[in-house]
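By convention in this document, chain letters (A, B, ...) are assigned in the order of the sequence lines, proteins followed by strands, and residues within each chain are numbered from 1. Hydrogens, waters and symmetry mates play no part in the numbers below; they use all other heavy atoms, side chains included.
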There are 2 protein chains.
Amino acid sequence: MNNSLPTSAKPVGPAGTASSRVFDHLRKDLVGGRFVAGEKLAINALKDRYQVGLSPLREALNKLAAYGLLVQENQRGFRVPKLSRDELDDIAQMRLEMEGMALERAIANGDSLWEADLLAAAHRLKRADITLDKGEEWEHLHTQFHRTLVAPCGSVWLLRFIEQLHDQFDRYRRLGPKMPTIRQELDEQHHQLVELALQRDAKTARELMDDHIHKSYEVALKRYQEHV
Amino acid sequence: MNNSLPTSAKPVGPAGTASSRVFDHLRKDLVGGRFVAGEKLAINALKDRYQVGLSPLREALNKLAAYGLLVQENQRGFRVPKLSRDELDDIAQMRLEMEGMALERAIANGDSLWEADLLAAAHRLKRADITLDKGEEWEHLHTQFHRTLVAPCGSVWLLRFIEQLHDQFDRYRRLGPKMPTIRQELDEQHHQLVELALQRDAKTARELMDDHIHKSYEVALKRYQEHV
DNA sequence: GTAGGTTAAAAAATCGATTATCTTGTCTAA
DNA sequence: TTAGACAAGATAATCGATTTTTTAACCTAC
């Protein structure tokens, strides 16, 4: 496996290294908005919070900085990147381009195993929806669904970039509390996307994906504006 | 400066941290093919080679892994990613998409300062060409030229991805010795690209950029095939 | 009052040593 | 002969302490 994502590919259980565990944990917390944007990280506090020594912690922070979830300034530690309207626009725009491209390719390449995976992922997501479990578990399944959707696009690097953009986008989307009305609409689209994928209707699928990202963008933008 | 590249934005002189210095150095060496693909890195050897302690070295290695120039396997250190035809194709394809997009946007946005920078970058590159300095200095100016070309595209993330793809691409392109014949042709194109950029002919510029990447791809592929 | 300089405290970066894990070679039993 | 168990050496990961740099508070001179 040549180009595994910076994330530990296999979910690191209690067995992984301290460094990889704190990386995963910090990544989740950063994406989930548990740190305030622009905040300077107090390494000693993190050490306590994540129950880990300095060396593995610093290695995780270095990885997150290279990944784009932290900013590193020489000799003055790490901080959480600021949020900005411009950047949100940039991220959304890039998602449009890249996920659109990936979806078209995935529809061209995906086999029947993919179809099954896709149905399963959509089902699990709806399941978590009904259970009203809109917490960390839902987020994970949601990520997983979008990942599955574009998985057979054939480009390792495209997938990698999309993953990175999702993390960045979610920093905005997850700023505020849930919005059930729009959420409903977005959930609808997940199933429609599966439909169109199974029908191999790449053109319509891409249009729907564009719309999906656009709606998500509006949610994220509203949250950002309320948050400032 | 929110989204600085993983690289130390300001060229880290002798003043930067040990970690950032060894990061820059290792990055150059990895891109320049001073390690053999697939090789496992012996950390203690690197410690001597780069004259740094274990901690800053490991932090640099972690960053490089997140950046994609190394592969990290839990509990078994770091290795140089393997090369493969499939990956080269992927990288080239992605370069086509992303640099094409970036160039069109840059031509739409770039101001007269950009025009000046572009002319300057092209001039410096040609200069280094004539001086027959086809070493590390030429490589740097070449990178700088392509960076300048797309700089005003308006997307921080697009620039970031392009930079990453260039590094990956160069791992293939720089496998073997120089090829003066094709090199000449590619150098020509640099100047033509400037021409078209100044004329704001986005369409033709993109076509030329496609051709430029395609030719570079052929060089890289040949090198890769000879290298195996 | 404010710019510039000094210093004590805080934080970041690094070092040297320790611990945990993997690797390799050897041996044993089927 | 070979799969598996084991031990010794090598390597990776982590810890605790030290060094370096930044930050903040205070002082002084204009």
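Going from atom CZ of A:Arg79 over to atom P of D:dT22 covers 15 Å, rounded to whole Å. In this structure, B:Glu39 atom CD and D:dT11 atom C1' are separated by 15 Å, rounded to whole Å. Put simply, OH on A:Tyr50 is 17 Å from P on D:dT14, counting in whole angstrom units. In this structure, B:Asn74 places its CG atom 10 Å from P of C:dC22, rounding to the nearest Å. B:Gln51 has its CD atom 11 Å from the P atom of C:dC15, to the nearest Å. At whole-Å resolution of the value, CD in A:Glu59 and P in C:dA12 are 17 Å apart. Regarding B:Gln72, its CD atom lies at a distance of 16 Å from the C1' atom of C:dC22, rounded to whole Å. The separation between A:Phe78 atom CZ and D:dT22 atom C1' is 16 Å, rounded to whole Å.
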Without placing hydrogens or testing angles, list every side-chain donor-acceptor pair under 3.5 Å for residues 114-126 of chain B, not counting sequence neighbours.
residue, atom, partner, partner atom, Å
B:Trp114, NE1, B:Thr148, O, 2.9
B:Glu115, OE2, B:Arg200, NH2, 2.6

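Ion pair A:Arg34/A:Glu136 flagged as a salt bridge, since at least one NZ, NE, NH1 or NH2 atom sits closer than 4.0 Å to an Asp/Glu carboxylate oxygen. With salt bridges taken as basic N to acidic carboxylate O contacts below 4.0 Å, none links B:Asp24 and B:Lys28. The pair A:Glu73-A:Lys40 does not meet the salt-bridge criterion, since no charged nitrogen lies less than 4.0 angstrom from a carboxylate oxygen.
Within 4.0 Å (heavy atoms only), B:Lys47 reaches no atom of the nucleic acid at all. Within the 4.0 angstrom heavy-atom criterion, no nucleotide atom of any strand lies near A:Leu61. Among the protein residues, B:Leu57 comes within range of no part of the nucleic acid, since none of its heavy atoms lies under 4.0 Å from any strand.
With C:dG16, D:dA13, C:dA12 as the choices, the nucleotide that has an atom nearest any side-chain atom of A:Arg58 turns out to be C:dA12. For A:Leu54, taking side-chain heavy atoms from C-beta onward, the closest of the listed nucleotides D:dA13, D:dC15, C:dT14 is C:dT14. Considering only the side chain of A:Gln75, D:dT21 comes nearest among D:dT21, C:dA17, C:dT14. Candidate nucleotides C:dT14, C:dC15, D:dT14 were compared by shortest atom distance to the side chain of B:Ser55, and C:dC15 ranks first. Residue A:Ile43 places its side chain closer to C:dA12 than to any other of C:dA12, D:dA17, D:dT21.
Note on B:Arg76: every side-chain N or O is 4.0 Å or more away from OP1 and OP2 of D:dT11. Put simply, A:Lys40 has a side-chain N or O that comes within less than 4.0 Å of OP1 or OP2 on C:dA12.
Toward the 5' end of DNA chain C, the nearer of the two residues A:Ala42 and B:Gly53, judged by each one's closest nucleotide, is A:Ala42.
In plain terms, the two heavy atoms of A:Leu186 and A:Lys215 that are nearest each other are CD2-CB, 3.7 Å.
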